[in-house]
2 protein chains.
Amino acid sequence: MGNHQEDAKVFKALCDPKRLAILEQLRSGEKCACVLQEPMDLTQSGLSYHMKILCDSGIVVSRQEGKWTHYRLSASGGAWAMERLRAILTPDTEQEDRCPSCGR
Amino acid sequence: MGNHQEDAKVFKALCDPKRLAILEQLRSGEKCACVLQEPMDLTQSGLSYHMKILCDSGIVVSRQEGKWTHYRLSASGGAWAMERLRAILTPDTEQEDRCPSCGR
DNA sequence: ACCTCACATCAAAAGTTTTTGATGTGATCA
DNA sequence: TGATCACATCAAAAACTTTTGATGTGAGGT
C-alpha cells in the first residue's frame with residue numbers, strides 16, 4: 001500500500017519548529033509574508049524557503065495581491081494530512097493477532 | 001502556545017519513507033526486530049536506529065522477551081500525534097477574519 | 001565458564017536540509 | 001522610464017540526519 005514518499009513530504013513540512021511556528025501564526029487567519037517574517041528569527045529568503053515547503057506539501061495555500069503574497073491554511077490539505085496520519089497509525093483490524101490460516 | 005520542538009519530534013518520526021514502511025508492517029500487529037528487518041533494505045544497526053526514533057517519538061513501544069525485542073504501535077502515542085496534528089492545522093475560530101476591535 | 005544470538009551503541013562517511021548572502025523578477029509608483 | 005518594494009531563486013556554507021561497519025551488552029544454551 002501507501003505512497004511513503006508522498007506521505008513523508010506532508011510530514012516533512014511539519015517536522016521543523018520554525019514551520020510549526022509559521023503554521024501557528026496562520027491559525028488566526030491569512031497573513032502576508034512580511035507579517036509572518038517579523039516575529040520570527042528568519043531572513044526574507046529563509047521565510048520564502050519554508051513557505052515553499054509548506055505550500056508544496058498542500059497544507060498551506062498562497063494568493064497574490066499586487067506585490068504581496070498572502071498565505072493561509074488549506075482546509076483540504078489539512079484534512080488530507082489528518083486522514084493520512086490516521087491511516088498510518090491505525091491498526092489493521094482485519095488480522096489482529098489471529099492465526100493466518102483459520103482466522104481465530 | 002505549543003512546544004514546537006516536541007511536536008517536531010513526533011512528525012520527524014513520520015517523515016522518513018523507511019520509517020513509514022516499518023509503521024505499515026506494525027499495523028498488522030506486534031513484530032520483532034528481525035521480522036521487521038527482513039523485507040526491508042536496512043542493516044541490523046540501521047533498523048535499530050530507526051526503531052529508536054520511532055520509540056522516542058512515542059508512536060511505537062517495545063517489549064523485551066528473552067533475546068528478542070518486540071515492537072508495536074502505541075494507541076496512546078498515536079492518539080497524541082493525531083491530536084497534535086489537529087491542533088496545529090485547525091484554524092483558531094476565536095478570531096477568524098473578524099475586526100480585532102469590534103469582533104464582527 | 002564459554003559461546004552464540006539478537007539487538008544497541010558508536011564513530012566516521014555519505015547524504016540531505018537549512019541558512020546565508022547575492023542576484024533575479026514582476027508589480028507599483030514617481 | 002527608472003526607482004523601489006515584496007518576494008523568489010540561486011549557489012555555497014553550515015547544520016543536521018542517515019548509513020555503514022565495528023564493537024559492546026545481556027540473555028540463553030552447552
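All of these numbers come straight from a predicted model, not from anything done at the bench. Naming convention: chains lettered A, B, ... in sequence-line order (proteins, then strands); numbering from 1 in each chain.
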Exercise for review: Residues of residues 46-60 of chain B with any non-hydrogen atom less than 4.0 angstrom from an atom of DNA chain C: list those, numerically ordered, please.
Suggested key: B/S48, B/K52

Point to revise | Backbone N/O of A/G29 and side chain of A/K31: donor-acceptor pair under 3.5 Å | key: yes

Practice item. Find the distance A/K67:NZ to D/dT4:P and express it as a whole number of Å. Key: 12 Å

**Study point:** Given DNA chain C, 5'-ward residue of the pair B/T69 and A/K18, judged by closest heavy atom
**Key:** B/T69

Practice item. Could you check how far NZ of B/K12 sits from C1' of D/dC16, rounded to whole Å? Key: 8 Å

Practice item. Starting at atom CG of B/L42, determine the distance to atom C1' of C/dA8, rounded to an integer number of angstrom. Key: 15 Å

Check your understanding: In terms of side-chain heavy atoms of B/S45, which of D/dC7, D/dT20, C/dC7 is nearest?
Key -> D/dT20

Study note, to complete from the structure: From CZ of A/R63 across to P of D/dC7 the rounded distance in Å is 12 Å

**Study point:** Gap between atoms CE and P, on B/M40 and D/dT19 respectively (whole Å)
**Key:** 9 Å

**Study point:** Heavy-atom pair of closest approach, residues B/L42 and B/Q37
**Key:** O-NE2, 3.3 Å

**Study point:** Check against side-chain contact (heavy atoms from CB on, under 4.5 Å), B/F11 and B/L85
**Key:** CA-CA 9 Å; B/F11 299 117; B/L85 183 60; 4.1 Å; yes

**Study point:** Residue B/Y71, side-chain heavy atoms: nucleotide from C/dT19, C/dA8, D/dA8 that is nearest
**Key:** C/dA8

Point to revise | A/D16 CG to C/dT17 P, straight-line distance once rounded to whole Å | key: 12 Å

**Study point:** Check: C/dA8 base within 3.5 Å donor-acceptor of B/Q44 side chain
**Key:** yes

Check your understanding: For B/Q25, does its backbone N or O pair with a side-chain atom of B/S28 as donor and acceptor, under 3.5 Å?
Key -> yes

Exercise for review: Let me know, please, whether B/H70 or A/W68 comes out on the 5' side of the other along DNA chain C by nearest nucleotide.
Suggested key: B/H70

Practice item. Salt-bridge test for A/E24 and A/R27: reply yes if a basic N is under 4.0 Å from a carboxylate O, no otherwise. Key: no

Check your understanding: Can you tell me how far C1' of D/dG28 sits from CD of B/Q64, to the nearest Å?
Key -> 14 Å

Review point. Is the count of non-hydrogen atoms from other residues, nucleotides or ligands lying under 6.0 Å from A/Q5 atom CD greater than 12?
Key: no

Review point. Is any NZ, NE, NH1 or NH2 atom of the basic residue among A/R63 and A/E30 found under 4.0 Å from an Asp or Glu carboxylate oxygen of the other?
Key: yes

Check your understanding: What nucleotide among D/dC7, C/dA8, D/dT18 has an atom nearest to a side-chain atom of B/R19?
Key -> D/dT18

Check your understanding: Between C/dT17 atom C1' and A/K9 atom NZ, what is the distance in whole Å?
Key -> 15 Å

